[in-house]
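To start, the structure under review is shown below, and the notes come after it.
Chain identifiers are assigned alphabetically (A, B, ...) following the order of the sequence lines, protein sequences preceding nucleic acid strands; residue numbering begins at 1 within each chain.
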Number of protein chains: 2
Amino acid sequence: MGSTARTRVTLKDIAAHAGVSRSTVSLVMQESELVAGATRKRVQEAAAALGYVYNRGAATLRSSRTATVGVVVHDIANPFFGALMAGIDETLQAADYIPFLASSGDSLDRQARFLARMREHRVDALLLCPAEETPAASIEAIADWGMPCIEVMRHVGKSPLGDYVGADLRTGVINAVRHLVIQGHRRITLLAGIADHSADRERLAGYRHAMHEAGLDDLSHVDRGPLTRCAGRERTLALLRGNTAPTALICHNDLVALGALLALSHLGLRAGRDCAVIGVDDIEEAALAEPALSSIATHPRAIGRNAAELALKRIAQPEGERQRIVLEAPLVIRASSRISSAVAQEST
Amino acid sequence: MGSTARTRVTLKDIAAHAGVSRSTVSLVMQESELVAGATRKRVQEAAAALGYVYNRGAATLRSSRTATVGVVVHDIANPFFGALMAGIDETLQAADYIPFLASSGDSLDRQARFLARMREHRVDALLLCPAEETPAASIEAIADWGMPCIEVMRHVGKSPLGDYVGADLRTGVINAVRHLVIQGHRRITLLAGIADHSADRERLAGYRHAMHEAGLDDLSHVDRGPLTRCAGRERTLALLRGNTAPTALICHNDLVALGALLALSHLGLRAGRDCAVIGVDDIEEAALAEPALSSIATHPRAIGRNAAELALKRIAQPEGERQRIVLEAPLVIRASSRISSAVAQEST
DNA sequence: CCTCGTGTTTGGATCGATCCAAAAGTGTCG
DNA sequence: CGACACTTTTGGATCGATCCAAACACGAGG
């Protein structure tokens, strides 16, 4: 209750108070099995009595373990990464680890600065959604520093160099195309991003594969542009104005897809009936849009949890075999991609 | 380029390589003005040549400054806090500080655990959106630890105990009510949350004040309930079904307001013409909703920036006078609160 | 009684920086 | 040339924990 002495309490003080050595106190703090039950109790009581606060910095100096993890995302203001971070946070908290967070804004420069800082702080591991154009050499450099690094959602190079956690967007997009084909769609356009990173390539690969499978190679059309809601609206308006307008759209993410819905309603068309729209991520808003938006669910929170778990595992065994965890990305079908006139079938 | 020796490079190694003492190297690393230009250059070159990495942990042990800041929000998956965090991150990055992040989920227990951890890590300051029901004693305890703490968006107790950064929601809501009254609305309902925290009380105070000012005390109505989009929809449906249905709604946040828009369109009513709706936060989505949503703009990113700046200032002068920064929360009027039949006036 | 093994405890040495008071270097001026 | 002021550099001591080899306690077995 009462505030304790102004002077800092250290292991030495509680050792004196409990009548043992510093080493023993240290062992108690580390929850070691070596120390006898009675002693442990005495030390813990002394620590509580003196209002001791563990100094993790001092411990780090000697042991070079920090109980921290660095997390780099492109933009923490993006709800997708917010949910990802929530999953990471949840898992780390349970293990008494703490995340440092930085937004790279997809800038290589800011990413590099942050990585340097993380190295100075000697985080135990790194969870990295690499900024666009990150060279493979950067990832190798991190490994060279002896810092475990988990790539999340995106990976540099053809296939992940080391540990990786992401969603199976390729299969997700394949399922989306098949679903559309079954409903009779043939002109199916992919609204992709401009940048060429792994997550983008996966969607594209799935799209190409499924269009080919359906014998629709010559009707394939990939539209590239910015990935905001606004852009989604504009891009859709432009596409529908063309003389070979698509009857179905698969959008890079839900924001773009929601923009597409705006465009349709602006033109007095009904999504689902007049033009099918499918997004990616299944953000909360998707289910509540009007009409409800079909989406390929990437479950960011689960990805975050898995990534954090893998990081903890890698900290425990740095030389263990590298893992590549790819979570399912199931297609959630809602009104925006159903021809059926039974509209407004939202769940309450 | 090539990987350096496996053995760790320390100040001592650089000192030997550059032919100076450890102390001098340390001064260079701290960017001190004391050291001569030529020496500084020699040391920097030696550091680069040896691939030196500053060990912040070791520095902390001696100097008890960590260049870190702890941030606690309720839910990082909420876009509002995402934007807030983006502002914080931005400002801290510029000052070479790094944030630890934790979501409390409005749980006192998780908040307490995180605070304890922050104390062990000896962060230089704390940015805290206090969880509901946080006792004033907790905030005092933090100050007692000698850790600067900035309350953000919410504060415990009647008025902030120490430093505080938030938005002027009281004035924002007053402006909203006045705007509605001018348009002829009289039955104006406030859709509030269930919890009783400062940010909630401020909205309520503004509402009461403005309704009284307009002589509408007896028509005042505060509806309390959960604050999700879904809940916003349901609550609005319930309200409009009543026999004294409101003609205007001021919602606790934009999510609730967007839910209200869904409810109106579900009933075949047009927001703005049939029932006015105003939200709080002015999230990106507000401008793009159909019809566009009027909102009291809280500018989370700016709040984040201000909070981080104040934290840096407080670190520099711990005993400086406490500040209470309240940012304007201007009303952004869009179609959802305009009677005028000039609809679909969105900016392109 | 001595040896041995098992379970606990301990005293330096150490991690890698910063702090501080004092020493060394440099130049100016009477 | 020496005193003086000013700039630059330096060598311990220190921060508060962990690590490790060695010491200690104690009961069992020969």
Side-chain angles (χ1 to χ4, degrees), chain A residues 4-44 46-47 50-68 96 117 119-122 124 146, chain B residues 4-44 46-47 50-68 96 117 119-122 124 146:
Chain A
T4 50
R6 267 301 90 180
T7 170
R8 283 239 175 68
V9 180
T10 73
L11 280 198
K12 199 154 83 177
D13 302 318
I14 94 178
H17 194 271
V20 294
S21 72
R22 288 180 353 267
S23 303
T24 304
V25 180
S26 173
L27 289 174
V28 172
M29 293 306 154
Q30 294 172 73
E31 315 204 315
S32 158
E33 294 301 317
L34 284 177
V35 46
T39 317
R40 179 201 318 281
K41 198 169 164 224
R42 202 143 38 89
V43 168
Q44 285 168 338
L50 298 181
Y52 172 71
V53 180
Y54 186 69
N55 186 328
R56 210 168 280 266
T60 295
L61 180 55
R62 189 74 242 262
S63 71
S64 57
R65 257 173 273 121
T66 56
T68 62
D96 277 352
R117 198 113 296 124
R119 202 181 168 198
E120 293 177 354
H121 279 282
R122 290 186 166 40
D124 293 335
Chain B
T4 48
R6 267 303 89 182
T7 169
R8 283 241 174 70
V9 180
T10 74
L11 280 197
K12 198 154 86 178
D13 302 318
I14 304 190
H17 195 269
V20 293
S21 72
R22 286 178 359 264
S23 303
T24 305
V25 180
S26 174
L27 288 174
V28 172
M29 292 308 155
Q30 294 172 71
E31 312 204 317
S32 158
E33 296 301 317
L34 284 177
V35 46
T39 316
R40 179 203 316 284
K41 197 170 164 219
R42 202 144 38 88
V43 168
Q44 285 169 338
L50 299 181
Y52 172 70
V53 180
Y54 186 68
N55 186 329
R56 211 167 277 266
T60 294
L61 180 55
R62 190 72 241 263
S63 71
S64 56
R65 257 173 274 119
T66 55
T68 61
D96 278 353
R117 199 115 291 127
R119 202 179 168 200
E120 292 178 356
H121 279 281
R122 290 185 167 36
D124 293 335

Residue pair A:Thr10, A:Asn55: steps toward the side-chain contact (heavy atoms from CB on, under 4.5 Å) verdict: CA-CA 8 Å; A:Thr10 73; A:Asn55 186 328; over 6 Å; no
Can you check the [X] [atom1] to [N] [atom2] distance for me, whole Å?
{"X": "A:Arg22", "N": "C:dT14", "atom1": "CZ", "atom2": "C1'", "answer": "11 Å"}
{"X": "B:Lys12", "N": "D:dG12", "atom1": "NZ", "atom2": "P", "answer": "13 Å"}
{"X": "B:Leu61", "N": "D:dG16", "atom1": "CG", "atom2": "P", "answer": "7 Å"}
{"X": "B:Arg62", "N": "C:dA17", "atom1": "CZ", "atom2": "P", "answer": "14 Å"}
{"X": "B:Leu27", "N": "D:dT9", "atom1": "CG", "atom2": "P", "answer": "9 Å"}
{"X": "A:Leu11", "N": "D:dC15", "atom1": "CG", "atom2": "P", "answer": "13 Å"}
{"X": "B:Ile14", "N": "C:dA17", "atom1": "CD1", "atom2": "C1'", "answer": "11 Å"}
{"X": "A:Arg122", "N": "D:dA17", "atom1": "CZ", "atom2": "P", "answer": "20 Å"}

Nearest-0.5 Å distance that lies between atom [atom1] in [X] and atom [atom2] in [Y]:
{"X": "B:Thr60", "Y": "B:Asp124", "atom1": "OG1", "atom2": "CG", "answer": "8.0 Å"}
{"X": "A:Arg122", "Y": "A:Thr66", "atom1": "CZ", "atom2": "OG1", "answer": "10.0 Å"}
{"X": "B:Arg42", "Y": "B:Arg40", "atom1": "CZ", "atom2": "CZ", "answer": "12.5 Å"}

Output yes when at least one side-chain N/O atom of [X] is less than 4.0 Å from OP1 or OP2 of [N], else no.
{"X": "B:Gln30", "N": "C:dA17", "result": "no"}
{"X": "A:Ser21", "N": "C:dT10", "result": "yes"}
{"X": "B:Thr24", "N": "D:dT10", "result": "yes"}
{"X": "A:Arg42", "N": "C:dT9", "result": "no"}
{"X": "A:Arg65", "N": "C:dC15", "result": "no"}

Closest nucleotide among C:dG16, D:dA17, C:dA17 to the B:Arg8 side chain: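 Selected nucleotide: C:dG16.
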Answer with base, sugar-phosphate or nothing: what part of the nucleic acid does [X] contact at a heavy-atom distance below 4.0 Å?
{"X": "A:Arg56", "value": "nothing"}
{"X": "A:Thr39", "value": "sugar-phosphate"}
{"X": "B:Arg40", "value": "nothing"}
{"X": "B:Ser23", "value": "base"}

Positive for side chain to side chain contact (heavy atoms under 4.5 Å, CB included) with A:Thr24, one of A:Val35, A:Ile14, A:Leu11, A:Leu34: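 Single side chain to side chain contact (heavy atoms under 4.5 Å, CB included) partner of A:Thr24 among A:Val35, A:Ile14, A:Leu11, A:Leu34: A:Val35.
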B:Ser63 or B:Val20, whichever maps to the more 5' nucleotide of DNA chain D: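 Whichever sits nearer the 5' end wins; that is B:Val20.
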